[in-house]
Amino acid sequence: MLRGQARSQTAYRLSFGIDLVSNVGATALDVFTVFVLFGVTRVLGGLDLREALVVTGLTACAFATADMLVGNIERISLYVRTGRFDAVLVRPLRALPQLVLLDLPLHKLSRAAFGTAVYAVALAAAGIAWTPGRALLAVVAPAAAVVFFGAVFVVTASVAFWWTESGEFGNAFTYGGRDFTSYPISVYSGWFRNAFAYALGFAFVSYYPALALLGKADPIGLPGWVGWLAPAVALPAAAVAALIWRQGLRHYTSTGS
């Protein structure tokens with residue numbers, strides 16, 4: 001299925017090339033916003049521009065990759081509403097990989113590559129005192145963040161089994177989560193920070209790993225070891241996503257048409 005998608009999407013090379021270039025725009029704007037903010041301040045949430053770009057770059061790299069690999073599952077609401085999901089279930093393949101590969105957006109490769117480049121440049125410019133542990137964390141953190149964002153995509157898409165018009169609801173947590181994790185969480189406050197950062201786990205996607213890489217204390221007061229264990233948030237996120245997905249499959253009863 002992946003090979004077929006690649007061949008079909010690259011059949012018209014000029015069109016595919018234009019899609020690759022144009023898709024960089026969304027991620028580039030996210031990064032550009034950080035530069036705009038630092039045009040009026042020298043410190044944001046206790047981080048300077050180079051340090052804040054580590055947070056932003058990690059998020060850009062992970063979210064763009066997860067969006068390319070799993071983001072297509074958002075279309076499940078269409079399959080459920082029209083009954084086309086029945087065809088997915090009768091094939092001798094697991095449903096989730098089929099939905100991911102039915103229309104894998106390969107043109108988003110450029111967005112993932114751009115996000116990875118921003119993350120790499122930010123790491124190089126931040127003046128990190130490299131150790132074997134930090135080098136390992138620099139690799140593990142974005143990989144775990146990809147799993148976390150992928151789990152968020154699956155959970156929010158699974159809501160369609162109960163509520164077929166749940167698209168905007170899901171976007172609040174997928175793209176909203178991307179925007180939330182692009183900045184130091186210390187700029188947020190009150191119930192909003194507690195809900196998104198800690199209850200939903202978004203603080204552990206990029207902010208705390210970035211603090212561990214930079215060797216900086218958390219201005220909110222959590223101990224330094226939190227940043228080193230932060231990537232483990234991907235494990236419960238994946239477990240919750242798998243549980244909700246299976247419950248959604250059991251709840252699905254087709255359209256009756």
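All figures in this text were calculated on a predicted structure; none of them were measured in a lab.
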Return all side-chain donor-acceptor pairs below 3.5 angstrom for residues 122-135, not counting sequence neighbours, or 'none' if the list is empty.
{"from": "Thr131", "atom 1": "OG1", "to": "Arg134", "atom 2": "N", "distance (Å)": "3.1"}
{"from": "Arg134", "atom 1": "NE", "to": "Ala212", "atom 2": "O", "distance (Å)": "3.0"}
{"from": "Arg134", "atom 1": "NE", "to": "Leu213", "atom 2": "O", "distance (Å)": "3.1"}
{"from": "Arg134", "atom 1": "NH1", "to": "Ala129", "atom 2": "O", "distance (Å)": "3.0"}

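- Linking ILVMFWY residues whenever their side-chain heavy atoms come closer than 4.5 Å, directly or via other members, leaves Leu243 and Val70 in distinct clusters.
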Hey, can you pull the donor-acceptor pairs under 3.5 Å for the side chains in residues 55-64, sequence neighbours left out?
{"from": "Thr56", "atom 1": "OG1", "to": "Ala52", "atom 2": "O", "distance (Å)": "3.2"}
{"from": "Thr56", "atom 1": "OG1", "to": "Ser182", "atom 2": "O", "distance (Å)": "2.7"}
{"from": "Thr59", "atom 1": "OG1", "to": "Val55", "atom 2": "O", "distance (Å)": "3.3"}
{"from": "Thr59", "atom 1": "OG1", "to": "Thr181", "atom 2": "O", "distance (Å)": "2.8"}
{"from": "Thr59", "atom 1": "OG1", "to": "Thr181", "atom 2": "OG1", "distance (Å)": "3.3"}
{"from": "Thr59", "atom 1": "OG1", "to": "Ser206", "atom 2": "OG", "distance (Å)": "2.9"}

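- Considering every non-hydrogen atom in both Leu222 and Tyr208, the closest pair reads CD1-OH, 3.2 Å.
- The shortest heavy-atom contact between Ala203 and Ile185 is CB-CD1, 3.6 Å.
- Among residues at least two apart or in separate chains, there is no ring pair (Phe, Tyr, Trp, His ring centres under 6.0 Å) pair with a member in residues 215-240.
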Exercise. Could you check Asp67 against Arg111 for salt bridge (Lys or Arg N to Asp or Glu O under 4.0 Å), going step by step and ending with a plain yes or no?
Key: CA-CA 9 Å; Asp67 188 22; Arg111 190 183 301 181; 3.3 Å; yes
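- Linking Ile, Leu, Val, Met, Phe, Trp and Tyr whenever their side-chain heavy atoms come within less than 4.5 Å puts Phe85 and Trp162 in one cluster.
- Side-chain heavy atoms closer than 4.5 Å link hydrophobic residues (I, L, V, M, F, W, Y) into clusters, and following such links, even through other members, never connects Leu235 to Val226.
- Shown here for Ala144 and Ala234, the closest heavy-atom pair between the two residues is O-CB, 3.4 Å.
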Practice problem: Dump the intermediate steps for side chain to side chain contact (heavy atoms under 4.5 Å, CB included) on Asn72 and Leu99, then the final yes or no. | Solution: CA-CA 7 Å; Asn72 181 54; Leu99 288 172; 5.6 Å; no
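- Phe148 pairs by the ring pair (Phe, Tyr, Trp, His ring centres under 6.0 Å) definition with Phe202, not counting sequence neighbours.
- Atom CG of Asp30 and atom CG of Asp179 lie 6.0 Å apart (nearest 0.5 Å).
- The ring pair (Phe, Tyr, Trp, His ring centres under 6.0 Å) check on Phe35 picks up nothing, with sequence neighbours excluded.
- For the ring pair (Phe, Tyr, Trp, His ring centres under 6.0 Å) test, no residue two or more places apart in sequence or in another chain qualifies with Tyr183.
- Atoms CZ and CG, from Arg94 and Leu89 in turn, are 13.0 Å apart once rounded to the nearest 0.5 Å.
- Atom NE2 of His251 and atom CZ of Phe161 lie 10.0 Å apart (nearest 0.5 Å).
- Residues Phe32 make up the rest of the hydrophobic cluster containing Val36, defined by ILVMFWY side-chain heavy atoms closer than 4.5 Å, directly or through other members.
- Side-chain contact check for Asp86 and Tyr252: at least one donor-acceptor pair (N or O, by modelled atom type) lies under 3.5 Å.
- Across every non-hydrogen atom of Tyr198 and Ile220, the tightest pair is OH-CD1, 3.5 Å.
- In this structure, the side chain to side chain contact (heavy atoms under 4.5 Å, CB included) partners of Pro219, at least two apart in sequence or on a different chain, are Ser186, Tyr207.
- Residues satisfying the side chain to side chain contact (heavy atoms under 4.5 Å, CB included) test with Ala113, not counting sequence neighbours, are none.
- Atom OG1 of residue Thr174 and atom CZ of residue Arg178 lie 8.5 Å apart, to the nearest 0.5 angstrom.
- Residue Leu136 is found in a hydrophobic cluster whose other members, listed by chain and number, are Val140; membership requires side-chain heavy atoms under 4.5 Å apart, directly or through intermediates.
- Interatomic distance, CG of Leu78 versus CZ of Arg81, reported as 5.5 Å (0.5 Å rounding).
- Evaluation of the side chain to side chain contact (heavy atoms under 4.5 Å, CB included) rule for Ala28 yields Val24, Phe114 as partners, not counting sequence neighbours.
- Between Leu49 and Phe38, the shortest heavy-atom distance links the atoms N-CE2, 3.4 Å.
- Taking the ring pair (Phe, Tyr, Trp, His ring centres under 6.0 Å) definition, one finds that Tyr188 meets it with Phe180, Phe192, sequence neighbours left out.
- The minimum heavy-atom distance linking Val80 with Ala160 is given by the pair CG1-O, 3.8 Å.
- Note on Leu93: it clusters hydrophobically with Leu69, by side-chain heavy-atom contacts below 4.5 Å among ILVMFWY residues.
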